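Everything on this sheet refers to the single structure shown next.
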Amino acid sequence: MPQRHIVYLHREHPGDMAQLPEYVKAGGYNGLMKALADMEPDDVLYQLHRSGVRGRGGAGFPMGRKASFLPKDSPRPAYVVCNADESEPGTFKDREIMEFNPFQLLEGIVLAGYAIGSNHGYIYIRGEYEHQARVLDRAIAQAYEGGYLGSGLLRSRFDFDITLYRGAGAYICGEETGLLDSLEGKRGQPRLKPPFPAVAGLYASPTLINNVETLTTVPVIVAKGADWYATLGTEKSTGTKVFSVSGHVMKPGNYEIVMGDTSLRELLYDICGGFRPGHDFKACWIGGSSVPVLTAEHVDTRLDYESCETAGTYLGSAGCIVMDDSGCIVRSSLRLAHFYRHESCGKCTPCREGTMWMEKVLQRIVDGEGRMEDLELLESIMGRISGRVLCALADGAVAPIESALRLFRDDFVHAVEHGSPAREPMAPMGA
Amino acid sequence: MTADEIRGHIDPIRDQFAEGRSLILPALKFAQTEKGYLDGADLEAVGEAVGLTTAYVESVATFYDRLYLQPTGRRVISVCINLSCMLRGCDELLSHLTGRLGLPSDGGSTDDGAFTVQQAQCLGYCDRAPCLQVDVGETQGPMSLDDADALIEALRAAPTPDRLWR
Ligand SMILES: Cc1cc2nc3c(=O)[nH]c(=O)nc-3n(C[C@H](O)[C@H](O)[C@H](O)COP(=O)(O)O)c2cc1C
Ligand code: SF4
């Protein structure tokens with residue numbers, strides 16, 4: 001149940017790990033030195049496989065497997081792309097890594113590059129994170145000066161460059177192929193898959209794209225070994241995961257825990273200090289907002305991929321948005337519908353039109369102008385979106401609202417009859 | 001901004017990309033820092049610097065929330081309205097700010113050209129909800145209504161930045 005730091009090592013180290021000497025002092029770059037001295041690229045790839053580490057950006061795909069999909073005989077250069085777009089509602093874990101432990105991320109990107117035979121990595125960071133981008137700019141410059149990036153790094157024969165690329169405000173640029181199009185200087189709209197990025201990604205070249213947290217795990221896996229890493233967590237959910245907890249808890253924040261060790265109840269009440277006096281848990285969106293909502297019935301769910309699925313949801317990005325019994329599930333659903341309507345890139349009609357209608361109908365209900373038939377109308381609108389679109393944004397729009405309508409039916413019926421209470425008051429609490 | 005100034009900004013990073021088109025976002029973001037938004041001449045200059053048509057540049061620019069094709073206030077205040085912030089009172093924060101500045105409740109620009117207030121989607125500072133961001137400065141929160149008042153005063157007293165990064 002205690003917290004355990006693998007990607008948040010800065011929380012244990014007394015010095016400022018955003019400075020290269022402090023990172024090295026904290027054991028940084030041991031993984032890279034070990035790999036360059038004693039390991040073939042395939043050995044690193046094997047360690048990633050064996051560790052079982054899964055993608056932390058949302059989909060949870062095993063990193064080692066994804067890396068092994070890159071063709072070895074391509075005439076084109078291979079690329080590593082780090083997804084630092086972090087725009088999933090309720091998710092703010094990558095922000096802390098980049099700001100306070102940037103070198104571990106850089107080291108992870110270099111190691112990933114070494115494993116797949118790439119010499120160039122890109123970090124695509126959302127434009128709103130300019131503060132973190134400047135920390136990364138400095139860290140990258142220090143890494144070049146120190147010989148941890150560039151040609152013949154650490155006096156080996158391996159060359160690696162990292163380029164930081166700033167986005168300009170678009171949630172869909174977090175979707176991996178939307179990101180690649182944006183990085184190629186196009187509108188950031190998702191591509192038809194296949195081909196997957198592993199085969200034809202950035203500039204139609206083989207590309208490994210991973211989330212910030214995933215890549216930041218890599219140096220630890222290489223330094224301490226996959227077997228050590230896999231002793232943490234469960235069989236299918238190895239290692240640690242950072243949970244970003246927000247909303248109606250007393251102590252919102254980022255908490256890194258060993259997977260499977262902790263229940264949602266322990267996270268909410270023991271780690272995050274529970275709720276305001278007189279209030280209790282009502283609902284949470286555990287994997288960012290693009291997942292089915294959980295109710296009080298689910299508080300004993302253990303925090304790992306498979307337990308979340310058993311509970312009917314997804315661990316996702318682990319951006320856990322929590323609502324107590326003062327909150328209104330209908331208005332929360334409307335707020336999310338508004339978000340997805342705003343962020344739909346418009347390429348697929350079912351997503352563009354469907355998210356627009358979802359917002360419209362929910363708005364009507366919240367305004368007290370809804371009819372009972374609107375609940376069925378909502379269901380039918382949502383039923384016509386899934387499976388007919390290019391990317392997972394649309395499913396992510398449906399999941400929280402379809403589940404809310406199913407699990408909190410009475411609240412929706414009540415809202416149809418009476419509208420929703422006036423807007424959310426300021427709720428200053430915790431620190 | 002002129003194509004030469006834009007070239008001065010993107011030439012040093014040109015060789016980091018296999019295709020020159022990737023320079024379009026860095027170019028647009030930089031071109032915007034002169035006035036805080038992009039007009040037709042800026043789009044043309046970006047096109048010239050990157051080697052793309054103005055129409056293409058515009059089609060890319062319209063895709064992104066943080067590229068502005070209409071004039072903005074000298075300082076742009078983005079108030080997060082997504083779920084985590086809503087649960088902690090961002091609606092009240094937004095209406096307080098817009099009310100104080102005499103703007104429509106969903107945001108807009110002040111007549112004196114000092115401020116734009118806009119709704120933002122999740123800014124990634126949900127642990128500090130309700131939060132807001134001024135230009136591309138570090139996002140601030142949790143913001144009380146008093147904090148919001150103090151912020152407006154501080155921004156009014158502060159000189160306009162040389163470059164209006166958005
Ligand atoms: C609409 C949408 C938005 C996404 N946003 C992000 C994001 O901000 N950050 C991220 O790492 N992954 C995001 N993803 C997931 C990526 O598509 C991709 O799965 C991920 O970058 C792969 O890295 P991982 O395997 O390390 O998780 C998003 C997916 C969708 C459909
Ligand atoms: S599903 Fe929606 S966001 Fe994704 S490509 Fe289609 S229209 Fe764009």
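Order of the sequence lines fixes the chain letters, A, B, ..., with proteins taken first and strands second; residue numbering starts at 1 for each chain. Since we're looking at a predicted model, the values are computed, not measured.
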Worksheet item: What residue, out of G188(A), A133(A), P77(A), S87(A), has the most heavy-atom pairs lying under 4.5 Å from chain B?
Response: G188(A)
Fill in: I172(A) versus chain B, the contacting section by heavy-atom distance below 4.5 Å
side chain
Discussion item. I need the residue from A61(B), P26(B), A129(B) with the largest number of non-hydrogen atom pairs under 4.5 Å to chain A.
Written reply: P26(B)
Practice prompt. Counting only heavy atoms closer than 4.5 Å, note whether Q32(B) contacts chain A via side chain, backbone, both or neither.
Written response: neither
Discussion item. Determine whether a donor-acceptor pair (N or O, by modelled atom type, separation under 3.5 Å) exists between the side chain of S344(A) and the backbone of R341(A).
Written reply: no
Discussion item. Please find the pair of heavy atoms, one from R191(A) and one from T177(A), that lie closest to each other, and give the distance.
Written reply: N-OG1, 2.9 Å
Worksheet item: What part of R128(B) gets closer than 4.5 Å to chain A, counting heavy atoms only: side chain, backbone, both or neither?
Response: side chain
Fill in: Heavy-atom proximity to chain A below 4.5 Å, by part of Y56(B)
side chain
Worksheet item: When only pairs under 4.5 Å are counted, which of E138(B), R166(B), K29(B), Q133(B) shares the most heavy-atom pairs with chain A?
Response: E138(B)
Discussion item. If only side-chain N and O atoms count, and only distance matters, is there a donor-acceptor pair under 3.5 Å linking S290(A) with E88(A)?
Written reply: yes
Worksheet item: Which heavy atom of L23(B) sits nearest a heavy atom of R14(B), and at what distance?
Response: CD1-CG, 3.5 Å
Worksheet entry | Option in R166(A), E130(A), M323(A), K186(A) with maximal non-hydrogen atom pairs under 4.5 Å from chain B | K186(A)
Worksheet item: Distance under 6.0 Å and angle within 45° of the ring axis: does R95(A) meet both against Y125(B)?
Response: yes
Worksheet entry | Option in Y203(A), Y171(A), Y129(A) with maximal non-hydrogen atom pairs under 4.5 Å from chain B | Y203(A)
Practice prompt. Output yes when R126(A) and D94(A) qualify as a salt bridge under the 4.0 Å nitrogen-oxygen rule, no when they do not.
Written response: no
Fill in: Cation-pi, Y8(A) ring and R11(A) (6.0 angstrom, 45 degrees)
no
Discussion item. For the interface with chain A, which of I81(B), V57(B), L67(B), I13(B) has the highest count of heavy-atom pairs at distances below 4.5 Å?
Written reply: I81(B)
Worksheet item: Does any heavy atom of chain B fall under 4.5 Å from the side chain of S205(A), the backbone, both, or neither of them?
Response: neither
Worksheet item: Looking at L83(B), T62(B), V50(B), which makes the most heavy-atom pairs under 4.5 Å with chain A?
Response: L83(B)
Discussion item. Quick check on L52(B) against chain A: is it the side chain, the backbone, both or neither that has a heavy atom closer than 4.5 Å?
Written reply: neither
